[in-house]
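A short worksheet on the structure shown next.
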Number of protein chains: 2
Amino acid sequence: MCAASGCYNERVSSSNGRKVTILDVARAAGVSKSAVSLALRGDPGLGKRTRAAIVAEAQRLGYRQNRWARSLVQGRTGLVGVLLTDLSSDYQTEIVHGIEDAAEQVGLEVLLSHGRRDPAVLQRRLTQLGDLGVDGVVVLSAMLGPAVLARAATRQPMVVVGRVEGLPPGIGSVANHDEAGAQLAVQHLVGLGHRRIAHLTMSQRAAARARRRAYEESMVGAGLGAFVQVAPEWDGGVDQLVAAAGEQDGPTAVFASNDRGAAAVVAAALDRGLRVPEDLSVIGYDNTALAQALRPALTSVDQPRPQMGRLAMDQLAELMAGGEARHQVVEPELVVRGAVARRWGS
Amino acid sequence: MCAASGCYNERVSSSNGRKVTILDVARAAGVSKSAVSLALRGDPGLGKRTRAAIVAEAQRLGYRQNRWARSLVQGRTGLVGVLLTDLSSDYQTEIVHGIEDAAEQVGLEVLLSHGRRDPAVLQRRLTQLGDLGVDGVVVLSAMLGPAVLARAATRQPMVVVGRVEGLPPGIGSVANHDEAGAQLAVQHLVGLGHRRIAHLTMSQRAAARARRRAYEESMVGAGLGAFVQVAPEWDGGVDQLVAAAGEQDGPTAVFASNDRGAAAVVAAALDRGLRVPEDLSVIGYDNTALAQALRPALTSVDQPRPQMGRLAMDQLAELMAGGEARHQVVEPELVVRGAVARRWGS
DNA sequence: CTGAAAGCGCTTACAG
DNA sequence: CTGAAAGCGCTTACAG
């Protein structure tokens with residue numbers, strides 16, 4: 001039976017005896033299988049004493065419920081999946097914390113998955129989560145298209161965190177108000193006297209596009225000209241932008257569509273001998289740990305990440321209970337730090 | 001049956017019809033249940049044509065195997081758990097990538113879990129992984145004590161990545177050679193002419209202690225005095241160290257036990273008006289993304305993370321097959337960047 | 001309050 | 001090459 005390959009369970013079994021089942025507990029406690037099941041789940045239709053005795057016996061034997069068996073009969077797993085673009089983005093991390101806190105409150109367990117910044121891998125992970133039988137999934141990545149999301153959402157309810165263009169019906173969403181965030185950044189710089197404010201955008205995704213549009217509108221609204229630098233692949237766009245900043249009538253400030261871009265601008269500026277913020281002010285987006293670690297520290301637009309996670313999980317629970325999908329928007333705030341300076345004249 | 005709470009499955013079922021089982025496929029293909037099972041797993045004892053027909057039918061119906069049911073009968077899940085201290089540490093991220101690559105090759109799926117830097121949470125997560133029925137677990141956190149590890153390891157094989165004091169027998173390990181890494185850092189600084197080299201240590205964990213010991217021995221070996229600053233809780237220890245660096249006969253270089261500490265030293269130095277590296281050279285450990293993002297960029301000791309992940313997963317697979325636990329050590333390398341300068345005289 | 005029975009969706013010998 | 005049968009560990013009505 002355990003002849004050839006794959007039967008490595010022998011080792012485990014021998015290390016903790018046979019695996020203890022509900023039947024072992026029943027025998028030890030002198031009751032029926034059902035009684036044990038009821039006792040373990042705290043069913044009221046069972047005598048207090050009987051119940052206590054059964055629980056004690058289970059404990060003594062080191063009984064652990066087999067989740068797979070339970071899920072099989074119950075038709076649900078009590079698991080929710082969270083799909084991340086990649087690990088090690090603290091933008092995502094704090095959202096995950098919010099999700100976990102909310103999940104714990106409603107008695108669900110969180111399974112994490114990530115796609116290593118590769119849409120194909122992300123798609124595979126989404127399928128795997130479905131195969132694992134998650135009862136719902138939160139997608140924390142903007143790298144998946146509407147078609148992929150729609151297909152995955154037929155298997156279990158879904159909530160997307162972050163902006164997605166053309167989100168299919170039935171899928172919930174939670175996003176920050178990108179337009180408001182961009183406006184905060186521009187207005188802050190304008191208020192400090194900056195007139196030539198450039199925007200660095202890193203991607204063509206919905207959130208980046210919204211920030212860019214709002215930047216442009218804010219600049220026009222302030223009677224100023226907009227200058228957008230696109231640097232999707234770290235292809236020298238950042239250097240170009242910083243080179244322009246070094247010239248007469250070049251930008252005196254940069255609003256980047258995220259902190260990574262802002263950090264790259266700071267690094268390139270320092271590498272080129274520009275002073276930050278005296279020669280160039282820089283604002284990022286997301287208020288990540290990077291923003292705090294850098295010197296000068298980055299001023300950045302902060303999204304209320306834990307709250308976003310909680311909202312996403314709460315909405316997912318609603319969807320699982322049969323509720324309607326909603327699109328929730330939260331307001332960002334500007335966190336002011338050192339990489340921005342007042343600008344006189346010019 | 002689905003009266004009160006928790007029966008949100010109705011919604012899903014209605015959105016994709018009834019869930020397709022092996023029995024549906026059998027009926028549609030006009031064969032028995034067993035035939036479908038055999039066909040789907042590519043069993044050789046089945047006609048090529050029959051098999052193709054069954055597979056086609058399964059595809060057409062959108063059949064997805066129920067993993068829980070399969071695991072229940074097979075007695076294993078094909079899942080391995082990976083326990084992380086927290087998300088968003090790119091030291092851990094690349095190890096995870098190595099683990100995943102190796103796992104895929106041996107046909108195992110990876111489940112991620114993390115403890116938010118809290119030992120109690122970590123311990124809970126480890127138990128949850130066991131309850132989910134993982135066939136093995138890689139622990140990527142140094143925050144768990146031997147007792148906790150030993151208990152968890154009775155449920156399934158375990159490999160720990162990173163140094164652990166008093167690792168219980170039967171548990172495998174993969175770690176970098178901390179002593180060699182510390183030596184590389186000290187020798188590099190000494191080679192550049194530094195004589196007063198301080199060490200910043202952040203924790204009492206085994207790896208940190210080993211680096212500290214090796215630092216002290218390297219200094220003594222070079223005929224130099226050692227100066228260790230302990231800053232476990234960002235409690236001002238970093239400021240103290242940097243203040244000392246500003247004084248006559250203060251340290252001209254700092255070797256920090258990790259990049260986060262090194263970054264804090266750089267930030268504190270710059271905040272205090274010291275120039276890095278002219279006034280103070282700084283070396284970190286782990287060669288994280290932070291080391292590259294900072295200006296000046298950090299020189300840092302690099303651990304071969306993807307390789308460590310692969311080794312851990314490969315060893316875990318061996319353990320699951322009944323092999324003996326081993327303790328593997330890999331060699332670190334020094335990655336030289338800008339935050340270190342040559343020191344004349346002094 | 002209890003116990004026998006059916007069944008969740010699959011795999012696995014086993015007899016044909 | 002096929003089909004009937006048992007069983008993985010649990011939950012859930014149901015009859016007592």
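Residue numbering restarts at 1 for every chain, and letters A, B, ... go by the order of the sequence lines.
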Starting from [atom2] on [N], measure out to [atom1] on [X] and report it in whole angstrom.
X: B:R27; N: D:dA4; atom1: CZ; atom2: P; value: 13 Å
X: A:L38; N: C:dC1; atom1: CG; atom2: P; value: 12 Å
X: B:K33; N: C:dT11; atom1: NZ; atom2: C1'; value: 9 Å
X: B:L23; N: C:dG9; atom1: CG; atom2: C1'; value: 9 Å
X: B:L40; N: C:dC10; atom1: CG; atom2: P; value: 9 Å
X: B:N66; N: D:dG9; atom1: CG; atom2: P; value: 16 Å
X: A:R51; N: C:dT2; atom1: CZ; atom2: C1'; value: 17 Å
X: B:I22; N: D:dG3; atom1: CD1; atom2: P; value: 13 Å

At what distance, to the nearest 0.5 angstrom, does CZ of A:R326 lie from CG of A:L319? 8.5 Å
Spatial distance of atom CE (B:M158) from atom CG (B:L144) [nearest 0.5 Å]: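 Between atom CE of B:M158 and atom CG of B:L144 there are 7.5 Å.
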Does [X] have a side-chain nitrogen or oxygen under 4.0 Å from the phosphate oxygens OP1 or OP2 of [N]?
X: B:R41; N: C:dT12; value: yes
X: A:Q74; N: D:dT12; value: yes
X: A:R67; N: D:dC10; value: no
X: B:R70; N: D:dC8; value: no
X: B:S37; N: C:dC10; value: no

Ignoring hydrogens and angles, are the base of C:dA4 and the side chain of A:S32 linked by a donor-acceptor pair under 3.5 Å? no
Along DNA chain C (nearest heavy atom to each residue), the more 5'-positioned of A:A35 and A:A69: A:A35
Specify whether A:W68 and B:W68 have parallel, tilted or perpendicular ring planes, treating 30° as the upper limit for parallel and 60° as the lower limit for perpendicular. tilted
Base, sugar-phosphate or nothing for B:S34? Non-hydrogen atoms, less than 4.0 Å.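 Base: the residue B:S34, judged by heavy atoms under 4.0 Å, touches a nucleobase.
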For A:S71, report the nucleic acid contact type (base, sugar-phosphate, nothing); a contact means any heavy atom under 4.0 Å. nothing
Considering every strand shown, what is the Watson-Crick or G-U wobble mate of D:dG3 when both distances are under 3.5 Å? C:dC14
Test: A:R155 and A:D131 ion pair at under 4.0 Å: yes
Do the side chains of A:D135 and A:R76 get close enough for a salt bridge, i.e. N-O under 4.0 angstrom? no
